[in-house]
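The first residue in the sequence is number 1, and the count goes up from there.
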Amino acid sequence: MGTMKALACVAWALSLINVVMAADYVVGNPAGGWDGRTDYKSWAAAQTFAAGDNLTFKYNSYHSVMEVTKDAFEACTTTDPIFYDNSGSTTISLTMPGTRYFICGAPGHCLGGMKMVVEVADRPAPTTPTSPPLLQPPRRAGHKKHRKRYCPPETLHAPAPAPTVQAAEADFPFAMFAPMSAPPPPPPTSGGLTVL
């Protein structure tokens with residue numbers, strides 16, 4: 001029985017494979033890096049970003065990560081960023097679908113190519129797994145298959161009252177003359193009618 005439950009659980013877990021998991025991306029090719037040597041336009045185009053994914057920027061102290069508006073991105077303006085960090089390792093959560101714009105805030109780096117547009121798609125809803133198949137253990141040779149019958153539980157009722165036993169004398173008129181609790185009368189001796 002335990003093996004059956006384990007197999008059913010495995011089958012159900014395998015049906016969850018269709019559930020899409022969030023991904024973590026280290027920005028840059030090939031080993032990752034926010035460094036000015038990577039073609040970030042090509043790198044971002046080769047990825048498929050979805051809501052729930054994370055971007056990690058790894059860089060040295062000469063660089064920073066700024067999230068900016070589309071206009072600031074196109075002009076490489078660093079004066080009013082949406083987000084700024086220069087810690088050396090920055091993780092950005094892509095929480096919603098849409099377009100996000102990132103640049104390096106060091107002077108001249110954005111103009112030199114340290115800028116990236118990220119298109120975030122909506123994550124498809126996970127598919128509802130189907131019920132796992134019913135698994136049956138293999139039958140042994142010569143063993144008959146027994147069928148289990150399902151009996152739904154009965155609705156609980158108060159116990160029926162015990163039947164009332166009445167004396168038979170009340171229902172039979174002759175009982176007045178020969179009560180059933182008394183021994184039977186002796187049989188007639190002469191073969192004639194006996195009058196009571």
Side-chain angles (χ1 to χ4, degrees), residues 1-140:
M1 183 73 164
T3 304
M4 294 261 309
K5 286 182 181 178
L7 290 173
C9 288
V10 168
W12 181 76
L14 290 175
S15 70
L16 293 177
I17 296 289
N18 293 332
V19 176
V20 181
M21 303 297 289
D24 295 319
Y25 296 93
V26 177
V27 174
N29 276 332
W34 185 237
D35 55 19
R37 293 187 301 266
T38 301
D39 176 2
Y40 296 105
K41 183 176 183 178
S42 297
W43 181 85
Q47 314 304 322
T48 303
F49 304 106
D53 291 348
N54 295 305
L55 292 177
T56 300
F57 295 81
K58 294 185 181 282
Y59 50 96
N60 61 34
S61 61
Y62 300 114
H63 304 294
S64 65
V65 175
M66 298 177 112
E67 183 171 1
V68 296
T69 64
K70 180 180 180 182
D71 292 338
F73 177 83
E74 290 173 355
C76 285
T77 304
T78 60
T79 54
D80 193 21
I82 297 169
F83 171 84
Y84 174 82
D85 186 42
N86 64 352
S87 66
S89 181
T90 305
T91 299
I92 305 286
S93 294
L94 305 175
T95 57
M96 297 172 50
T99 305
R100 309 274 294 264
Y101 302 93
F102 300 96
I103 64 173
C104 179
H109 288 198
C110 176
L111 291 170
M114 280 189 75
K115 58 194 278 184
M116 179 175 70
V117 176
V118 174
E119 296 291 339
V120 183
D122 194 10
R123 184 167 304 283
T127 58
T128 304
T130 59
S131 298
L134 295 177
L135 301 176
Q136 297 197 8
R139 284 193 272 162
R140 296 185 189 128

Identify the two heavy atoms, one from [X] and one from [Y], that lie closest to each other, and give their separation to 0.1 Å.
{"X": "Pro97", "Y": "Ala121", "result": "CB-C, 4.0 Å"}
{"X": "Lys115", "Y": "Cys76", "result": "NZ-SG, 3.9 Å"}
{"X": "Tyr25", "Y": "Thr48", "result": "OH-O, 2.9 Å"}
{"X": "Ser93", "Y": "Arg100", "result": "O-NH1, 3.5 Å"}
{"X": "Ile103", "Y": "Cys110", "result": "CG2-SG, 3.6 Å"}
{"X": "Phe73", "Y": "Met116", "result": "CE1-N, 3.5 Å"}

Check: Taking the side chain as C-beta and beyond, is there a heavy-atom pair between Thr99 and Tyr101 under 4.5 Å?
Finding: yes
Next item on the list: Assign the ring pair Trp43 / Phe49 to parallel, tilted or perpendicular, where the plane angle (0 to 90°) is split at 30° and 60°.
Entry: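 Tilted.
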Next item on the list: Carefully, step by step, assess Phe102 and Tyr40 under the rule ring-ring contact (aromatic ring centres under 6.0 Å, His included).
Entry: CA-CA 10 Å; Phe102 300 96; Tyr40 296 105; over 10 Å; no
Margin query: Using the rule side chain to side chain donor-acceptor pair (under 3.5 Å), only one of Asn86, Thr90, Asp35 pairs with Tyr59; which is it?
Written below: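 Going through the options one by one, the only one that passes is Thr90.
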Is there a donor-acceptor pair under 3.5 Å between the side chain of [X] and the backbone N or O of [Y]?
{"X": "Thr78", "Y": "Gly105", "result": "no"}
{"X": "Trp34", "Y": "Ser64", "result": "yes"}
{"X": "Asn54", "Y": "Asp24", "result": "no"}

Next item on the list: Calculate, to the nearest 0.5 Å, the distance between atoms OG1 and CD1 belonging to Thr69 and Ile82 respectively.
Entry: 6.0 Å
Item checked: Rounded distance [0.5 Å steps], CE in Met114 versus SG in Cys104 -> 4.0 Å
Notebook entry, point to check: Do Ser87 and Asp85 meet the criterion of a side-chain donor-acceptor pair at a distance under 3.5 Å?
Noted result: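 Yes, because at least one side-chain N or O of Ser87 sits under 3.5 Å from a partner of the opposite role on Asp85.
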Note to self: Tell me whether Tyr62 at atom OH has more than 12 heavy atoms from other residues, nucleotides or ligands lying less than 6.0 Å away.
What the structure shows: no
